[in-house]
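All values below come from the heavy atoms of this structure, side chains included, with hydrogens, waters and symmetry mates left out. Predicted model only: the values in this text are computed from it and were never measured.
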Amino acid sequence: MRKKIVAGNWKMHNNVEQTDDLLNELIANVPTETDTQIIVAPTFINLASAVDHLEFTSIDVAAQNMHQAESGAFTGEISADMLKSIGVNTVILGHSERRAIFNETDALIANKVDTALKHEMTVIFCFGEELKDRQNKQHFNVVENQLRDGLFHIEKASWSNIVLAYEPVWAIGTGETASPDQAQEMHEFIRETVRKVFGKDIAEEVSILYGGSVKPENAKEIFSKPDVDGGLIGGAALKAADFVAIINAF
Ligand code: 13P
């Protein structure tokens with residue numbers, strides 16, 4: 001049985017105090033009897049405090065990014081070892097904002113994936129087409145290329161540390177959501193693409209999350225689709241009540 005996951009990507013929101021408040025609200029309100037794995041991804045400076053707050057809860061903590069090198073003269077960057085040293089074992093890689101704003105290429109992301117896996121971290125691997133790709137009917141090609149160039153070099157054994165997050169760029173922060181049928185169609189394609197290269201067992205086991213304007217109002221229908229195993233939530237993850245409602249939608 002593959003894992004159901006609801007993850008909150010807090011992006012560059014919330015200072016220390018606001019992060020503590022949100023964490024406390026989540027601790028008080030997330031369901032404890034659930035088979036859904038819950039993950040939150042605060043900014044780097046709030047990670048250590050999040051790990052502390054959540055130590056005796058079922059909520060896991062992820063970083064939003066990391067550098068591919070082990071260490072060195074990379075001003076402003078954070079390494080896998082640093083994350084692991086504070087108890088962060090999961091990292092989001094390849095987010096469309098990293099790709100578009102910080103010029104991260106598939107090759108660079110592939111490098112980061114290798115480093116994370118070497119450190120036995122779990123990778124939430126993000127990918128998804130832009131609006132123009134969908135308008136040009138290139139969305140399946142774009143998604144397949146992102147998977148092949150950023151991820152498919154890994155060994156079969158590494159797949160137990162991979163979570164896929166399909167995030168169509170046109171649906172991120174826009175209020176526009178892929179319809180449940182559009183999400184299902186792409187998730188089915190993604191699973192089939194994984195199956196062709198890595199086989200049925202891996203394809204059936206890997207969790208594929210949907211991200212892009214998931215809200216309490218649309219979560220239930222999106223999560224009801226057979227190939228949608230959860231969500232990577234942006235804006236709605238910043239309000240405890242909405243994030244909890246999304247978890248409860250499962
Ligand atoms: P929104 O839910 O705000 O559209 O963001 C999605 C996202 O980018 C999660 O990583």
Side-chain angles (χ1 to χ4, degrees), residues 1-7 9 35-41 58 60-68 70 79-81 83-84 87-96 98-99 104-129 139-168 183-211 222-223 225-233 250:
M1 265 290 277
R2 53 185 179 252
K3 255 190 219 161
K4 298 176 180 183
I5 302 169
V6 175
N9 174 8
D35 57 356
T36 302
Q37 184 185 5
I38 303 163
I39 303 173
V40 294
S58 58
D60 294 319
V61 178
Q64 299 174 16
N65 180 34
M66 56 164 237
H67 196 270
Q68 65 276 16
E70 292 299 329
S79 72
D81 179 58
L83 295 174
K84 296 266 315 206
V88 173
N89 299 308
T90 303
V91 62
I92 297 173
L93 294 178
H95 192 279
S96 64
R98 301 291 322 166
R99 292 174 188 262
E104 292 199 5
T105 60
D106 290 321
L108 176 76
I109 295 159
N111 234 320
K112 292 189 176 198
V113 167
D114 288 339
T115 304
L117 292 175
K118 187 172 153 214
H119 286 266
E120 294 176 350
M121 298 179 80
T122 294
V123 173
I124 302 178
F125 182 86
C126 301
F127 56 102
E129 82 282 2
H139 44 300
F140 292 115
N141 285 341
V142 167
V143 159
E144 185 169 348
N145 287 340
Q146 287 172 331
L147 284 170
R148 286 185 186 270
D149 295 345
L151 188 67
F152 277 10
H153 61 284
I154 66 173
E155 290 176 12
K156 272 189 167 185
S158 297
W159 275 90
S160 53
N161 284 340
I162 300 290
V163 173
L164 300 179
Y166 168 61
E167 299 203 306
Q184 169 57 26
E185 182 187 38
M186 185 57 91
H187 282 223
E188 198 179 333
F189 171 78
I190 293 162
R191 205 177 297 287
E192 179 57 18
T193 307
V194 174
R195 190 196 61 75
K196 279 189 201 149
V197 181
F198 292 95
K200 184 163 182 284
D201 290 354
I202 286 172
E204 285 303 317
E205 274 304 303
V206 68
S207 298
I208 309 177
L209 315 185
Y210 169 79
I222 296 173
F223 293 167
K225 295 295 176 185
D227 286 297
V228 178
D229 307 308
L232 182 55
I233 322 297
F250 250 153

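- Annotation: the span from His153 atom NE2 to Asp106 atom CG amounts to 11.0 Å, rounded to 0.5 Å.
- With Gln146 contributing its side chain and Gly128 its backbone, the two residues share a donor-acceptor pair below 3.5 Å.
- Here the shortest heavy-atom pairing between Ala116 and Val123 reads CB-CG2, 3.6 Å.
- Here the CD1-CG distance, from Ile124 to Leu93, works out to 9.0 Å after rounding to the nearest 0.5 Å.
- With contacts defined as side-chain heavy-atom distances shorter than 4.5 Å, the pair Met1/Glu205 does not qualify.
- Annotation: salt bridge (Lys or Arg N to Asp or Glu O under 4.0 Å) contacts of Glu129 (sequence neighbours excluded): Arg134.
- When the side chain to side chain contact (heavy atoms under 4.5 Å, CB included) test is applied to Lys4, the partners found at least two apart in sequence or on another chain are Asp35, Thr36, Phe250.
- When side chains are defined from C-beta on, Ser207 does not count as touching Leu164, because their heavy atoms never get closer than 4.5 Å.
- Atom-to-atom distance recorded for Ile109:CD1 and Asp114:CG is 12.5 Å, nearest 0.5 angstrom.
- A donor-acceptor pair under 3.5 Å is absent between the side-chain atoms of Ser158 and the main chain of Ile154, judged by distance alone.
- Put simply, OG1 on Thr122 and CD1 on Ile162 are 8.0 Å apart, with the number rounded to the nearest 0.5 Å.
- In this view, Glu104 and Arg98, Lys112 satisfy the salt bridge (Lys or Arg N to Asp or Glu O under 4.0 Å) rule, not counting sequence neighbours.
- Counting only distance, with no hydrogens or angles, the side chain of Arg2 and the backbone of Glu204 share a donor-acceptor pair below 3.5 Å.
- To the nearest 0.5 Å, atoms NE2 (His95) and CG (Asn65) are separated by 11.0 Å.
- Minimum interatomic distance between Ala63 and Val88 (heavy atoms only, all atoms of both residues): N-CG1, 3.7 Å.
- Ala203 is linked by a side chain to side chain contact (heavy atoms under 4.5 Å, CB included) to Arg191, Val194, Arg195, counting only residues two or more places apart in sequence or in another chain.
- Salt bridge status for Asp201 with Lys156: absent, with no side-chain N to carboxylate O gap under 4.0 Å.
- Atom NZ of Lys3 sits about 11.5 Å away from atom CG of Asp229, to the nearest 0.5 Å.
- Side-chain contact check for Leu151 versus Val113: some heavy-atom pair is nearer than 4.5 Å.
- Within the 4.5 Å cutoff, no side-chain heavy atoms of Glu120 are placed close to those of Asn89.
- Tyr166 and His187 have perpendicular rings, their planes meeting at more than 60° on a 0 to 90° scale where under 30° would count as parallel.
- Here the closest heavy-atom approach between residue Ala183 and residue Val228 is recorded as CB-CG2, 4.4 Å.
- The minimum heavy-atom distance linking Gly211 with Pro168 is given by the pair O-CD, 3.4 Å.
- For Glu188, the side chain to side chain contact (heavy atoms under 4.5 Å, CB included) partners at least two apart in sequence or on another chain are Gln184, Asp227.
- Annotation: Phe152 is in aromatic contact with Phe198 [ring centroid separation under 6.0 Å].
- Partners of Lys196 according to the side chain to side chain contact (heavy atoms under 4.5 Å, CB included) rule, which considers only residues two or more places apart in sequence or in another chain, are Glu192.
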